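Reading through the structure tokens given below for one structure.
Convention: sequence-line order gives letters A, B, ...; per-chain numbering from 1. None of the values given here were measured: they were computed from a predicted structure.
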Amino acid sequence: MSEVITKLVIDCETGIQSVVPLTPEELEERALMAAQAELDRQAREAEEAARLAAKASAEAKLSALGLTKSEIAALLK
Amino acid sequence: MSYIALANITLSSAASSVTFSNIPTSVNGVALRDLVLVIDGTASVGINVSIFFNNDNTTSNYPYVRMIGNGSTTSSDTANPTVIGDLQTTRGMIKLSVMDYSATDKHKTLLSRFDNPSSVLGAIALRWANTNAITSLRVRDTANAATFSIGTTFALYAIAG
Amino acid sequence: MTMQVIQHIELGSAQSSITFSNIPQTYTDLLLVTSIRDTSGGFQLLLLDINGSSSNRKWRSLFGNGVGGVGSQTETSGNPANTIALVNGAVGGPISVVAYTSAQLYFPNYSGSSFKSFSADSVTENNSTENYNFIEAGLWEQNSAITSLTVKTTNTVAAGSSATLYGILKGSSGGVTVS
């Protein structure tokens, strides 16, 4: 049996908490959102990795040119 | 009771400034420690909003540091003392806290968040270089030219401690 | 009393969302404080529906991640219109421990008859070098009063996540005058 995905609703007037299964439309919306979010997450992590790699490469090249660590740090600040 | 409503106003006409006066250091025997000011609304044009305590209008007494984003770029500056945030012609808000406002042995520090969903948002840390207890605060357009619009609300709270 | 708890919930099991419905209209402002984690790995999104809808939203964000990544986005940046923040997911990728994201949302004049502002602040502290401090300026472009708030994440809100809704009531005391 597949897992039933539910949402929690709290009625602020009465305090009654209800666990409600999602409708087919809500399930479809969740699936679409999750798929897009996964792509966005991968893109975000790839962008961050590329940025860090470019920064490391730049620091290595500056060092090869003879700049000291403190000079590189001041330049990149 | 630790969170106490002190005063509030909803503008029924445009106003160049809003002043909260006679701010006490205690209410019903409960000592008050921090202030919270919430501004929600708009201005006649996009403005920086300044704050002044106890009629001290010397801008150099209000150094600040700001971080700001506009939806694509970010920046940080210390260029505009007295400023607590922005208000625009589209709805936005400013929420700030003043720590230890009733103390008489320290400068007063303020943390502000300003939020304009169609323009800029950010955070500010500001210091009032004065050891007096805060008894009044006034907010206005930094350039002293524009007005807060009708319907804009200002609410002042105190936190006991 | 100026600030009161309206409702508080801590999840005993994972749920797709947490909804505060039938919010009383007797306060001035709302404060929603959450401690949230998603069940999927890595950083995920924290989302907010107002009155059951993710539409009619404008937002602008400012964030930093502790490893040199800073940025500012809007609702047109590619994230969903109801994005509020990033949250910790399960252990994996940049997430090294089980940790919940703290997020706080403030809604002034939530029961008024004009568009609704809100302010959001969050942090994803998870004991690793990459974390997000994420602030957002939000606007719900509807004149209706806010009667429900739904908090959800990209996938599923993990067990142990909690949310507390406070009501704040403006008033006068202490002889303060305003002009």
Side-chain angles (χ1 to χ4, degrees), chain B residues 1-10 15 17-28 30 32 36 38-42 67-76 86 90-95 113-123 135-136 138 151 153-159, chain C residues 1-5 27-29 31 56-64 69-77 81 104-110 112-121 133-143 166-179:
Chain B
M1 184 171 16
S2 55
Y3 201 79
I4 299 166
L6 293 181
N8 65 89
I9 188 168
T10 300
S17 69
V18 172
T19 302
F20 290 88
S21 307
N22 300 318
I23 299 172
T25 57
S26 67
V27 170
N28 296 330
V30 177
L32 305 179
V36 176
V38 181
I39 304 172
D40 177 32
T42 59
M67 64 177 191
I68 189 167
N70 66 3
S72 59
T73 59
T74 61
S75 63
S76 181
D86 284 34
T90 53
R91 197 176 193 94
M93 61 179 288
I94 298 172
K95 182 172 180 284
R113 280 271 289 107
F114 57 98
D115 294 285
N116 294 284
S118 301
S119 174
V120 294
L121 83 156
T135 58
S136 72
R138 181 165 55 96
T153 63
F154 302 77
L156 185 67
Y157 303 89
I159 298 174
Chain C
M1 198 178 307
T2 301
M3 184 168 172
Q4 281 187 300
V5 175
Y27 298 98
T28 310
D29 303 340
L31 173 65
N56 302 301
R57 299 278 283 276
K58 269 197 168 58
W59 57 264
R60 206 145 289 223
S61 69
L62 175 61
F63 59 87
V70 297
S72 184
Q73 293 181 326
T74 72
E75 74 283 355
T76 61
S77 301
Q104 179 169 286
L105 293 81
Y106 197 94
F107 303 82
N109 302 306
Y110 72 101
S113 57
S114 40
F115 288 1
K116 308 301 180 296
S117 312
F118 64 89
S119 178
D121 291 53
N133 183 195
F134 194 104
I135 62 175
E136 180 177 293
L139 184 69
W140 185 47
E141 294 180 306
Q142 292 288 282
N143 295 321
Y166 298 87
I168 294 165
L169 187 63
K170 67 182 180 184
S172 304
S173 56
V176 178
T177 56
V178 54
S179 56

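- Shown here for C/L62 and B/G122, the closest heavy-atom pair between the two residues is CD2-CA, 4.1 Å.
- Side chains of B/D115 and C/Y106 form no contact here, defined as non-hydrogen atoms less than 4.5 Å apart.
- Per-residue heavy-atom pair counts under 4.5 Å with chain C were compared for B/R138, B/R91, B/M67, and the maximum is reached by B/R91.
- In this structure a side-chain-to-backbone donor-acceptor pair under 3.5 Å is present from C/T2 to B/Y3.
- Among all heavy-atom pairs drawn from C/G171 and B/N8, the shortest one is O-ND2, 3.2 Å.
- Counting non-hydrogen atoms of other residues, nucleotides and ligands closer than 6.0 Å to CG of C/N143 gives a total above 12.
- In this structure, the side chains of C/K170 and B/Y157 come closer than 4.5 Å at one or more pairs of heavy atoms.
- Counting heavy-atom pairs closer than 4.5 Å to chain C, the top residue among B/L32, B/V27, B/N22 is B/N22.
- When B/N116, B/T10, B/N70, B/T153 are compared by the number of non-hydrogen pairs under 4.5 Å with chain C, B/N70 comes out ahead.
- Here the straight-line distance linking atom CD1 of B/I94 with atom OG of C/S117 works out to 11.0 Å at 0.5 Å rounding.
- Heavy atoms closer than 4.5 Å to chain B are found in the backbone of C/S61, but not in its side chain.
- Contact tally against chain B (heavy-atom pairs below 4.5 Å) for C/T76, C/V70, C/N109: the top residue is C/N109.
- For the atom pair OG (C/S119) and CG (B/D40), the distance works out to 10.5 Å, reported to the nearest 0.5 Å.
- In this structure, the side chains of C/D29 and B/K95 stay at 4.5 Å or more apart for every pair of heavy atoms.
- Inter-residue side-chain proximity for C/V178 and B/V18 is flagged as met; some heavy-atom pair is nearer than 4.5 Å.
- Scanning all heavy atoms of the two residues, the minimum distance from C/T74 to B/G71 falls at CG2-CA, 3.5 Å.
- Heavy-atom pairs under 4.5 Å with chain C peak, among B/A158, B/S119, B/S136, at B/S119.
- Minimum heavy-atom separation, C/G174 to B/P24: O-CG, 3.6 Å.
- When B/S21, B/A7, B/S17 are compared by the number of non-hydrogen pairs under 4.5 Å with chain C, B/S21 comes out ahead.
- Atom-to-atom distance recorded for B/L6:CG and C/T177:OG1 is 11.0 Å, nearest 0.5 angstrom.
- At a threshold of 4.5 Å between non-hydrogen side-chain atoms, the residues B/T73 and C/S72 do not count as touching.
- Under the 3.5 Å distance criterion, the side-chain polar atoms of C/S173 are matched with a main-chain donor or acceptor of B/A5.
- With chain B as partner, the option from C/G112, C/S77, C/G71, C/P108 having the largest number of non-hydrogen pairs under 4.5 angstrom is C/P108.
- Scanning all heavy atoms of the two residues, the minimum distance from C/L139 to B/P117 falls at CB-CG, 3.5 Å.
- Side chain of B/R113 to backbone of C/A120: a donor-acceptor contact under 3.5 angstrom is found.
- Across B/I68, B/L156, B/T90, the residue that shares the most heavy-atom pairs under 4.5 angstrom with chain C is B/I68.
- The backbone N or O of B/G69 sits nowhere less than 3.5 Å from a side-chain atom of C/R60 that would complete a donor-acceptor pair.
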